[in-house]
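Quick notes on the structure that follows.
Owing to the predicted nature of the structure, the values given are computational and were not obtained by experimental measurement.
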Amino acid sequence: MEDLISVVILNWNGNVFIRGCLDTVLSQDYPNLEVIVVDNGSSDGSQQIIRDEYKRVVLIEIARNLGFGGGNNIGIDRARGKYVLILNNDTEIDMSCVSEMKRALDRNKGYGACASRIDVMDPPDTIDAAGIAVYPDGLAMGRGKWEPAANYAREEEVFFASGCCALFKREMLEDIAIDGEYYDNDFFAYADDTDLGWRAQLRGWRCVYAPAAKCRHLHSATSGYYSAFKAYLVERNRMWLMVKDFPLPLIIYGQMFTFLRYAHQAVGAITGKGAAGKFSEEHSKARLVTVLLKVYRDFLLGLPKMLKKRRAILGRRTVSVGKLFRIMKTYHMTTKDITSKA
């Protein structure tokens, strides 16, 4: 009997794409799957679709939206598998995706996570994430984003897996959990998988990228691509992540990169180029400043709680600061990447 793999799918108002996701999950060639959908307080009737049309699926309904981490944590707690696959509801996966991820993950006892090859839906064969690449101030993004998928055809170690489609050993999840939480409930959305990745690296776990495990993603279908809410969460959470997961030398090192990134983003907002320029097309520059002020306010309000988590996380660190610098250098992305591709 193959090991049980629990597939946890977080759903929020996904009636347009939930069928496509579940149909591909239920068509996997891996024989021993448990499929769990956690509905995060949807108001579009997607729960009824799951209830009526997918009898094999375990549906957990939550009265309100607990965010990415909160909803997935409930699913992971309910899951019975030795392995847990986290999957976005706006994805479709190839028939062998799960079996290819498990094959890669089982190659090495040090692997705690496997990253799939995640393509955007359109244009085809274009990477959304081939694992995660990191920036020294705590930000991260999909490795290879917007590049041809052919550039990422090699199985290799990466920093960590995008929570869009990631397979984890339960052993790793239990090892890096803080106060019973796998993902950080306070983040709500964005940077959750990066935080998980840093906690895994701090404990010595590694991640493998499996290019044969293919997933297609309708990017930012739930939140909107350049929404002010997304910009707020991304920046607030990367600051909380830095406080939680970075030893002091990494925090100091990261500050000059934050300054450099802000300078690039300011130029982008003024000239209309890059991600900041696209944000400015949809929102005023004053709105951008307002978002940033709210980020720093809420970062400070949450600081005592994050410092408490920091003590728990760094108190269990098993790798040196030098090794963490090497990890950051090995799996890095450039300032141009973060300001133009994100």
Side-chain angles (χ1 to χ4, degrees), residues 5-28 33-79 81 84-95 97-98 101 116-122 124 126 128-129 142 161-168 182-183 185 187-193 196 213-231 233-234 237:
I5 296 178
S6 299
V7 182
V8 176
I9 302 168
L10 189 63
N11 180 64
W12 183 71
N13 290 342
N15 65 2
V16 174
F17 31 76
I18 192 62
R19 287 186 181 92
C21 178
L22 287 174
D23 287 346
T24 60
V25 169
L26 295 172
S27 299
Q28 290 297 293
L33 293 182
E34 170 188 53
V35 184
I36 300 168
V37 174
V38 180
D39 187 82
N40 235 353
S42 293
S43 58
D44 67 346
S46 47
Q47 315 97 308
Q48 196 66 41
I49 293 172
I50 299 163
R51 196 180 301 115
D52 291 346
E53 301 179 25
Y54 296 94
K55 303 301 183 184
R56 278 187 55 194
V57 172
V58 176
L59 176 63
I60 302 172
E61 297 186 65
I62 307 171
R64 62 188 180 89
N65 189 348
L66 299 180
F68 180 87
N72 275 311
N73 284 340
I74 288 174
I76 296 170
D77 281 335
R78 170 62 175 77
V84 178
L85 174 65
I86 300 296
L87 189 65
N88 276 16
N89 65 344
D90 56 349
T91 60
E92 296 176 2
I93 57 177
D94 281 7
M95 185 176 67
C97 183
V98 173
M101 293 179 82
S116 65
R117 179 186 125 183
I118 304 171
D119 294 353
V120 296
M121 290 283 189
D122 186 50
T126 301
D128 183 20
S162 166
C164 173
C165 181
L167 183 65
F168 302 132
Y182 309 104
Y183 290 104
N185 288 342
F187 278 30
F188 190 77
Y190 299 108
D192 313 76
D193 40 12
L196 205 67
K214 299 176 184 177
C215 169
R216 294 169 301 284
H217 181 213
L218 187 61
H219 193 81
S220 289
T222 301
S223 64
Y225 197 66
Y226 294 106
S227 74
F229 186 50
K230 177 178 176 179
L233 289 173
V234 167
N237 291 352

With Val57 as reference, evaluate Val7, Ile18, Leu22 under the side-chain contact (heavy atoms from CB on, under 4.5 Å) test and give the passing residue.
Leu22

Sole candidate of Asn15, Val35, Val37 that passes side-chain contact (heavy atoms from CB on, under 4.5 Å) when paired with Ile50:
Val37

Which heavy-atom pair separates [X] from [Y] by the least distance, and what is that distance?
| X | Y | answer |
| --- | --- | --- |
| Ile74 | Ile62 | CD1-CD1, 3.5 Å |
| Arg51 | Lys55 | O-NZ, 3.1 Å |
| Cys164 | Ile118 | CB-CD1, 3.8 Å |
| Asp39 | Ser46 | OD1-OG, 3.9 Å |
| Cys165 | Ile93 | SG-CG2, 4.3 Å |
| Asn237 | Ala191 | CB-CB, 3.8 Å |

Distance in Å, [X] [atom1] paired with [Y] [atom2], rounded so as to fall on 0.5 Å steps:
| X | Y | atom1 | atom2 | value |
| --- | --- | --- | --- | --- |
| Asn11 | Glu61 | CG | CD | 10.0 Å |
| Asn13 | Asp44 | CG | CG | 4.0 Å |
| Asp52 | Tyr54 | CG | OH | 11.0 Å |
| Leu87 | Ile9 | CG | CD1 | 5.0 Å |
| His217 | Asn89 | NE2 | CG | 8.0 Å |
| Arg19 | Ile49 | CZ | CD1 | 4.0 Å |

Would you tell me whether Asn185 and Asn73 have side-chain atoms, one donor and one acceptor, within less than 3.5 Å of each other?
yes

In the structure I gave you, are the side-chain heavy atoms of [X] and [Y] within less than 4.5 Å of one another anywhere?
| X | Y | answer |
| --- | --- | --- |
| Val98 | Leu167 | no |
| Phe188 | Phe229 | yes |
| Glu92 | Cys215 | no |
| Leu196 | Phe168 | yes |
| Ile86 | Ile76 | yes |
| Ile36 | Ile60 | yes |
| Val8 | Val84 | yes |

Determine yes or no for a side-chain-to-main-chain donor-acceptor pair under 3.5 angstrom, with [X] supplying the side chain and [Y] the backbone.
| X | Y | value |
| --- | --- | --- |
| Asn40 | Trp12 | no |
| Ser6 | Gly81 | yes |
| Asn65 | Gly67 | yes |

Is the ring centre of Phe68 less than 6.0 Å from the ring centre of Tyr183?
yes

Before you tell me yes or no, could you show the steps for Asn72 and Tyr182 under side chain to side chain contact (heavy atoms under 4.5 Å, CB included), namely the whole-Å CA-CA distance, both residues' side-chain angles and the distance that decides it to 0.1 Å?
CA-CA 9 Å; Asn72 275 311; Tyr182 309 104; over 6 Å; no

Check the pair Lys214 / Ser116 against side chain to side chain contact (heavy atoms under 4.5 Å, CB included), numbers first and verdict last.
CA-CA 6 Å; Lys214 299 176 184 177; Ser116 65; over 6 Å; no

Under the rule for salt bridge (Lys or Arg N to Asp or Glu O under 4.0 Å), what residues qualify as partners of Glu34, not counting sequence neighbours?
Arg78, Arg80

Arg216 and salt bridge (Lys or Arg N to Asp or Glu O under 4.0 Å): which single residue from Asp122, Asp119, Asp94 fits?
Asp94

